Amino acid sequence: MAFDKVKRSENYSEWYNNLVKNADLAEHSAVKGCMVIKPYGYAIWEKIQQQLDKMFKETGHSNAYFPLFVPKSLFEKEEKNAEGFAKECAVVTHYRLKANPDKPGALMVDPDSKLEEELVVRPTSEAIIWNTYKNWIQSYRDLPILVNQWANVVRWEMRTRLFLRTAEFLWQEGHTAHATKEEALEETKKMLDVYATFAEEFMAVPVIRGVKSENERFAGADDTYCIEGMMQDGKALQMGTSHFLGQNFAKAFDVKFQTKEGKLEYVWATSWGVSTRLMGALIMVHSDDEGLVLPPKLAPIHVVIVPVYKNDEEFERVSAKALEIKKTLETLGLSVKFDNRDTYKPGYKFAEWELKGVPVRIALGPRDLDNGVAEIARRDEKTKTSVSLDSLHEYVPNLLNEIQINLFEKANAFQKLKTWNANNWEEFTEIVEKREGFAFAHWDGTAETEEKIKELTKATIRCIPFDRDETPGTDVLSGKPSIGRVLFAKAY
RNA sequence: CGGGAAGUAGCGCAGGCCGGUAGCGCAUCUGCUUUGGGAGCAGAGGGUCGCAGGUUCGAAUCCUGUCUUCCCGACCA
């Protein structure tokens, strides 16, 4: 185990990279831009999946699975969507290898195995799904269709970072079909709320909900809703999107249904997704120089028990009590690890479990047993207290709740601290470039101004918040009239 | 995809200019002593120097190509 000591405040991106590797979350693979998610990192992703999946089911959705490959002819049907993704698609052109006659032991693509039609490796699944939905939908009785899939997708990125942007990543994509525009809009909003609730209540990350500007909108959508979180370097991270697709895909794939009145109409669509990028957010929002800090609700291990002892006899004594505590806490639904490795000293274990972000540590030694207590350390505040053994079954669950709340409140306070109204260009550049935070500023609503601001400062419109200040004003750059403030920030 | 840097033991690095067959710290293994914040001592094991060519009697070192990573830029539904 390596314990790299690059401080968060000194080099944020190096700190992030080291943390991902040292906490055993993920590593690079032999494939450019693709990562290996290691067991501990994957365990966190599984917690994320389980909770989201539950929330999807509670809102009436079912899981299904669609193919990895999309025939090019289907992919290109919805023009804007195809255009948007064209530059980053992996394409399968052949289906066979053969021995290379010039190089013993080497293989080559068999030129005789060229596919009649190229297959696009899905960067997203709208095309294959809408081609399928066409067969599923005849009448209003077939609607709505509320389907989600957990899958991998590929986007050929030029510059990658573990979890934040990789060529292949894991995500879920919901794809729904509705009889009316109102219902589809309601679905779009509902799923964004699911994401926001998940981010705030489970990841302990406060998010700003809003609509994307036309520039930032999903290609093929009429509207894209999003949640945006603030990382500890003041940059924004898009943590989830929900798209109102209008009738764009229904028209492209000719998906019509017969209404009660017997008329044929195009169906209305939504799609929504979150990805392994959430892992990046989780890491960047809470962690510190000691390593990962996990909110209890997503921690694979809630409590680690570290025994302290001098000899076999003491170990036996401490061990017996530790196992008893483990059992008690597990009965309460907690995940408890008893670190009884004899090959490491307590101090080493403390540091290791801190690196891995385990929310609560219980240290237990002979001295504690004599006093009927255990030493409880919380990862978020790095404080320690002695707690009576008799009260652990109440103290620990309460502490976990407190940590969950504390992490959200700290993140929330940080976000508020680093968010300002920018009333003129000077203030705007000061906030975005020097103070490194979020700026609520007036925007004239044009793509030109948006582009220009991006060119000058690298800040983009993260979203037009749903609950924005709608006091009219003048654009921070162009001086033209604005009907309300929008959220600007540098983004990942 | 453009500019810069890097790749040598599991991890972090030295060696490279001036070619002679590889070293340090941590980790690992064995033994003893240890164990309340990253243990000590003694001994041991582990590397075709990213990969492929080339120059040379001889290449980690020089040359060419290639792959991967990092930083900056362009791109990022």
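Just so you know, these numbers come straight off a predicted model, no measurement behind them. To find a chain, count down the sequence lines: A is the first, B the second, and so on, and within it residues start at 1.
Geometrically, A/Lys235 engages A/Tyr492 in a cation-pi contact, judged by NZ or CZ lying under 6.0 Å from the ring centre and within 45° of the ring axis. Judged by the 6.0 Å distance and 45° axis criteria, A/Lys189 is positioned over the aromatic ring of A/Phe466. Taking the ring centre of A/Phe169 as origin, the terminal cationic atom of A/Arg277 falls outside the region bounded by 6.0 Å and 45° from the ring axis.
Of the N and O atoms on the side chains of A/Asp193 and A/Tyr225, not one donor lies less than 3.5 Å from an acceptor on the other residue. A donor-acceptor contact closer than 3.5 angstrom is absent between the side chains of A/Thr429 and A/Thr457.
Remark: P of B/rC70 and OH of A/Tyr12 are 17 Å apart, rounded to the nearest angstrom. Rounded to whole Å, the distance from NZ on A/Lys87 to C1' on B/rC76 is 8 Å. We find that CD of A/Glu352 is positioned 13 Å from P of B/rA27, with the value rounded to whole Å. Between the C1' atom of B/rG73 and the NZ atom of A/Lys454 lies a distance of 13 Å, rounded to the nearest Å. If you take CD of A/Glu228 and C1' of B/rC76, they are 14 Å apart, rounded to a whole angstrom. In this structure, the CG atom of A/Leu19 is 15 Å from the P atom of B/rC70, given to the nearest Å. Between A/Glu14 atom CD and B/rG12 atom C1' the separation is 12 Å, expressed in whole Å. Distance A/Glu83 CD to B/rC76 C1': 15 Å, rounded to the nearest Å.
Distances were taken from every side-chain heavy atom of A/Val308 (C-beta onward) to each of B/rU68, B/rG73, B/rU35; the shortest belongs to B/rU35. Listed nucleotides: B/rG37, B/rU28, B/rU69. Nearest to the side chain of A/His28: B/rU69. Checked against B/rG37, B/rC76, B/rC70, the side chain of A/Glu88 finds its nearest nucleotide in B/rC76. Among the nucleotides B/rC75, B/rG73, B/rU28, the one closest to any side-chain atom of A/Tyr344 is B/rU28. Checked against B/rC72, B/rG37, B/rG36, the side chain of A/Arg159 finds its nearest nucleotide in B/rC72. Considering only side-chain atoms of A/Met158, the nucleotide from B/rU68, B/rU35, B/rC1 that sits closest is B/rC1. Nearest to the side chain of A/Ala351, among B/rG37, B/rC76, B/rG36, sits B/rG37.
If you check every strand for non-hydrogen atoms under 4.0 Å, A/Gly33 touches sugar and phosphate atoms only. At a threshold of 4.0 angstrom between heavy atoms, the contacts of A/Arg341 with the nucleic acid are absent. Using a 4.0 Å heavy-atom distance criterion, A/Arg217 is classed as a sugar-phosphate-only contact. As judged by a 4.0 angstrom heavy-atom cut-off over every strand, A/Glu216 is placed among residues making no nucleic acid contact. Within the nucleic acid shown, A/Glu354 comes within 4.0 Å of at least one base atom, counting heavy atoms only. Within the 4.0 angstrom heavy-atom criterion, base atoms lie near A/Lys310. Residue-level contact check: A/Pro123 touches neither bases nor backbone, having no heavy atom under 4.0 Å from any strand.
A distance of about 14 Å separates the C1' atoms of B/rC17 and B/rA60, rounded to the whole Å. Across B/rU69 and B/rC11, the matching C1' atoms stand 16 Å from one another, rounded to whole Å. B/rC13 and B/rA6 have their C1' atoms separated by 12 Å, with the value rounded to a whole Å. For the C1' atoms, the distance from B/rG31 to B/rC49 is 33 Å, rounded to whole Å. Going from the P atom of B/rG15 to that of B/rU8 covers 14 Å, rounded to whole Å. On the C1' atoms, B/rC32 is 38 Å away from B/rU48, given to the nearest whole Å. B/rG73 and B/rG37 have their P atoms separated by 45 Å, given to the nearest Å. Separation of the C1' atoms belonging to B/rU61 and B/rG20 is 11 Å when rounded to the nearest angstrom.
Residue-environment remark: CG (A/Asp312) stays at or below the threshold of 12 foreign heavy atoms within 6.0 Å.
Pairing of B/rU56, defined by two Watson-Crick or G-U wobble distances under 3.5 Å, is not identified with any nucleotide. With both pairing distances under 3.5 Å, B/rA5 is matched to B/rU69 as a Watson-Crick or G-U wobble pair. Nucleotide B/rC29 has B/rG43 as its partner under the Watson-Crick or G-U criteria, with both atom distances under 3.5 Å. With a 3.5 Å ceiling on both atom-pair distances, the Watson-Crick or G-U wobble partner of B/rC13 is B/rG23. Remark: B/rG36 base-pairs with no nucleotide; criterion is Watson-Crick or G-U wobble with both hydrogen-bond distances under 3.5 Å. The nucleotide B/rA74 finds no pairing partner, because no Watson-Crick or G-U wobble arrangement with both distances shorter than 3.5 Å includes it. Pair assignment for B/rC49 gives none, since no Watson-Crick or G-U wobble pairing has each distance under 3.5 Å.
Within the 4.0 Å cut-off from OP1 or OP2 of B/rA39, at least one side-chain nitrogen or oxygen of A/Lys345 is found. For the OP1/OP2 pair of B/rG36 and a distance below 4.0 Å, the side-chain nitrogens and oxygens of A/Lys349 include no atom meeting the criterion. Side-chain nitrogen and oxygen atoms of A/Ser13 include none within less than 4.0 Å of the OP1 or OP2 phosphate oxygen of B/rC70. The phosphate of B/rC71 (OP1 or OP2) has a side-chain N or O of A/Asn17 nearer than 4.0 angstrom. Checking the phosphate oxygens (OP1, OP2) of B/rC70, no side-chain nitrogen or oxygen of A/Arg161 falls inside 4.0 Å. Neither OP1 nor OP2 of B/rA27 sits under 4.0 Å from any side-chain N or O of A/Tyr348.
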Full working for ring pair (Phe, Tyr, Trp, His ring centres under 6.0 Å) between A/Trp272 and A/Phe56
CA-CA 11 Å; A/Trp272 27 273; A/Phe56 298 156; 5.2 Å; yes
Take A/His243 and A/Thr224, measure what side chain to side chain donor-acceptor pair (under 3.5 Å) needs, and give me the verdict at the end.
CA-CA 4 Å; A/His243 313 293; A/Thr224 290; 2.8 Å; yes
Evaluate the ring pair (Phe, Tyr, Trp, His ring centres under 6.0 Å) criterion for residues A/Phe428 and A/Phe488: first the C-alpha distance (whole Å), next the side-chain angles of each, then the deciding distance (0.1 Å), finally the verdict.
CA-CA 9 Å; A/Phe428 185 86; A/Phe488 279 94; 5.0 Å; yes
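In terms of position on RNA chain B, the residue among A/Gly84 and A/Ala374 whose nearest nucleotide sits closer to the 5' end is A/Ala374. Taking for each of A/Arg277 and A/Thr160 the nucleotide of RNA chain B with the nearest heavy atom, the 5'-most of the two is the partner of A/Thr160.
In terms of polar N and O atoms assigned as donor or acceptor, the side chain of A/Lys384 comes within less than 3.5 Å of the base of B/rG37 in a complementary pairing. Not a single donor-acceptor pair, N or O on each side, falls under 3.5 Å between the base of B/rG37 and the side chain of A/Glu375.
Remark: A/Lys337 does not engage A/Asp339 in a salt bridge, criterion side-chain N to carboxylate O under 4.0 Å.
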